Amino acid sequence: SVIHGTILMFFAGYQFYFFPGQCGDDNTQYEKNLLYCSIGYFTYDFLIMAYYGLLDVTMVIHHIVTASGMSVVLIS
């Protein structure tokens with residue numbers, strides 16, 4: 001989690017600092033790739049936590065809401 005969060009924070013910060021956009025702009029391919037990476041991570045994390053029996057209701061809701069929210073951004 002820490003490695004994923006740190007790496008994506010740097011990549012997102014790079015995008016934000018060097019290529020700022022306006023609210024409502026279409027997502028760039030770079031931004032889509034960051035979202036794909038995050039959705040993939042949340043799916044992987046959810047499956048691993050389920051496999052090891054570490055899921056509770058709060059974590060299920062957290063993973064579903066987060067992955068769904070990022071998916072809506074990619075679809076719209």
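Owing to the predicted nature of the structure, the values given are computational and were not obtained by experimental measurement.
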Practice problem: Report yes or no: do V60 and L54 belong to one cluster of Ile/Leu/Val/Met/Phe/Trp/Tyr joined by side chain heavy-atom distances under 4.5 Å? | Solution: yes

Would you give me the side-chain donor-acceptor pairs under 3.5 Å for residues 5-27, sequence neighbours excluded?
from: T6; atom 1: OG1; to: V2; atom 2: O; distance (Å): 2.7
from: Q15; atom 1: NE2; to: E31; atom 2: OE2; distance (Å): 3.4
from: D25; atom 1: OD2; to: Q22; atom 2: N; distance (Å): 2.7

Could you go through residues 34-53 and list every donor-acceptor pair under 3.5 Å that involves a side-chain atom there, pairing it with any protein atom two or more places apart or in another chain?
from: S38; atom 1: OG; to: L34; atom 2: O; distance (Å): 3.3
from: Y41; atom 1: OH; to: S1; atom 2: N; distance (Å): 3.4
from: Y41; atom 1: OH; to: S1; atom 2: OG; distance (Å): 2.6
from: T43; atom 1: OG1; to: I39; atom 2: O; distance (Å): 2.9
from: D45; atom 1: OD2; to: H63; atom 2: NE2; distance (Å): 2.7

